[in-house]
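Atoms within each ligand, like the ligands themselves, are counted from 1 in listed order.
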Amino acid sequence: MIIAIDGFSSCGKSTIAKTLAQILKLPYIDTGAMYRAVTWYFLKHQIDIKDELQVYTALNHIILRFVRDGDQNVLYCNGSPLVEELRSMEVSNMVSEISAIPEVRIKMVTLQQQMGAQGAVMDGRDIGTVVFPDADFKFFLIADPEVRAERRYRELLEKNGTTSFDEVVTNLAHRDHIDSTREHSPLRKAEDAIEIDNTFLTRDEQIAVILKYLNSESMPGQK
Ligand code: DC
C-alpha cells in the first residue's frame, strides 16, 4: 500500500506520516529530508547551481539511503547520518531553489519511486501528483500560515534557539511561493486527494480522520 501525504511546509506532514507508518507497519519516507540532504551537500561543496556540469557531477556523487534507528528513520548521505544539519536555517533558506532544479527532481523522484515500490507512507509536495500518481490513498494537509509559522518556530527554538519568528515567517512564505510556482512538479493538490485542514486538529484527531478513510473501501474519486 502506498499512502501519499502532501502539503505546504510546516503543515505537520512528517508527524502524521510517521505515526501512520508505525500504525500500518509500513516504511516512512520523508522526501523533504532528501531534498534537504542534496541542499546540505551543495552548500558544503559550494556547488554553483547555475553551472549545469557542477550540478550534474555533484548529483552523481550523492548516495542517499534511509536507515532505521529505533523508531527513527535516519537519512544517510554518502555513509554519514544527517539529522540536525538538515533542519538548519542555511539549508531551509536554499532548499526550495535547489529542489526546483529539474536534474535534482529527476534523481530524487526516481529514488523515491524505488524506495516506495514495496509500499510506504511518503510525505512531500508532489507524491500524489508525480512520484506515485496511482497511490492507494492521497492526503493533502493545509493549515493557517500563522499556525504553521508558530509550529516551525517552536520546533526550531527547541533545537537551537537562534532563529527569530519573523525569519521563520519569511522563510515559509518564500518556500510556499517557490514550491508552488516552480516549473517542474509544483506543489499542488492531486485532484483525487483528500484535503485536511489541521489548523485546529491534534495529531490524534488527524490520524483518526485518515484511518477512517483507510477503513472505508476507497477514497472519493479513486479506483
Ligand atoms: O518537507 P520539508 O519542509 O522538509 O521540505 C523541504 C523542501 O523540499 C520544500 O521547501 C520543497 C522541497 N520538497 C520538494 O520539492 N518535493 C518534495 N516531495 C519534498 C520536499
Side-chain angles (χ1 to χ4, degrees), residues 2-18 21 28-43 49 55 59 62 64 66 72-75 77 82-116 120-133 135 138-143 145 147-156 159 163 167-190 193 198:
I2 295 174
I3 301 179
I5 302 194
D6 288 305
F8 289 93
S9 305
S10 298
C11 271
K13 298 184 298 294
S14 60
T15 309
I16 296 306
K18 225 181 283 175
Y28 161 58
I29 298 169
D30 174 358
T31 64
M34 297 169 71
Y35 288 98
R36 285 174 181 271
V38 172
T39 304
W40 171 83
Y41 183 97
F42 277 28
L43 288 172
I49 60 171
V55 168
L59 282 173
I62 298 177
L64 297 179
F66 284 99
Q72 301 290 323
N73 221 7
V74 178
L75 183 59
C77 177
L82 297 178
V83 182
E84 299 297 309
E85 297 86 342
L86 301 185
R87 301 283 140 197
S88 74
M89 219 49 204
E90 291 74 32
V91 167
S92 294
N93 283 337
M94 276 307 289
V95 66
S96 286
E97 274 85 353
I98 288 176
S99 48
I101 301 172
E103 290 74 19
V104 171
R105 299 212 71 78
I106 291 166
K107 173 153 175 163
M108 290 304 110
V109 168
T110 307
L111 199 52
Q112 289 154 13
Q113 287 168 337
Q114 289 164 359
M115 287 174 167
V121 180
M122 195 174 274
D123 76 344
R125 306 291 188 289
D126 59 344
I127 311 306
T129 51
V130 175
V131 183
F132 285 111
K138 301 179 186 178
F139 297 96
F140 192 83
L141 303 189
I142 59 164
V147 171
R148 290 164 50 209
E150 268 167 36
R151 287 176 186 162
R152 178 51 65 102
Y153 179 59
R154 258 186 273 127
E155 190 183 293
L156 285 168
K159 288 188 181 136
T163 314
E167 218 179 331
V168 174
V169 171
T170 308
N171 175 258
L172 282 187
H174 176 68
R175 286 205 282 145
D176 283 358
H177 176 72
I178 298 184
D179 294 348
S180 47
T181 56
R182 69 179 173 226
E183 202 180 327
H184 294 270
S185 49
L187 164 64
R188 63 177 177 79
K189 175 178 163 296
N198 66 18

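Annotation: atom 18 (N) of ligand 1 to nearest protein heavy atom, Asp126 OD1, 2.9 Å. Protein heavy atom nearest atom 2 (P) of ligand 1, with residue, atom name and distance: Arg125 NH2, 3.5 Å. Scanning all protein heavy atoms for the shortest distance to atom 16 (N) of ligand 1 gives Arg105 NH2, 3.1 Å. The protein non-hydrogen atom at the shortest distance from atom 12 (C) of ligand 1 is Ser99 OG, 3.3 Å.
If you number the atoms of ligand 1 from 1 as listed, the ones under 4.0 Å from a heavy atom of Thr31 come out as 17 (C), 18 (N), 19 (C). The contact set between ligand 1 and Ser96, taken as ligand atoms under 4.0 Å from a residue heavy atom, comprises 10 (O).
Ser92 and Arg36 are linked by a side-chain donor-acceptor pair at a separation below 3.5 angstrom, with hydrogens and angles left out of the test. Judged purely by distance below 3.5 Å, without hydrogens or angles, the side chains of Asp123 and Ser14 never pair a donor atom with an acceptor atom.
Shown here for Ile62 and Cys77, the closest heavy-atom pair between the two residues is CG2-SG, 4.1 Å. The two atoms that bring Arg105 and Asp126 nearest to each other are NH2-OD2, 2.9 Å, heavy atoms only. Residues Ala21 and Val121 approach most closely at CA-CG2, 3.8 Å, considering heavy atoms.
Looking at Ala4, Gly124, Gly32, Ser14 and measuring to atom 20 (C) of ligand 1, the nearest heavy atom belongs to Gly32.
In terms of N/O distances under 3.5 Å, ligand 1 is approached by Arg36. An N or O contact shorter than 3.5 Å is missing between Gln112 and ligand 1 by distance. At under 3.5 Å, not a single nitrogen or oxygen of Asp123, backbone or side chain, sits near a nitrogen or oxygen of ligand 1.
Counting heavy atoms closer than 4.0 Å to ligand 1, residue Met34 contributes nothing at all. Neither the backbone nor the side chain of Met94 comes within 4.0 Å of ligand 1, counting heavy atoms alone.
Within the 3.5 Å criterion, the main-chain N or O of Ser9 finds a donor-acceptor partner in the side chain of Arg148. Side-chain atoms of Glu85 come within 3.5 Å of backbone atoms of Val83 as a donor-acceptor pair (strictly under, hydrogens ignored).
Residue contact check for ligand 1: Arg87 places a non-hydrogen atom closer than 4.0 Å to it.
Checking Arg175, Met108, Arg182, His184 one by one against Ser99, the side chain to side chain contact (heavy atoms under 4.5 Å, CB included) holds for a single residue, Arg182.
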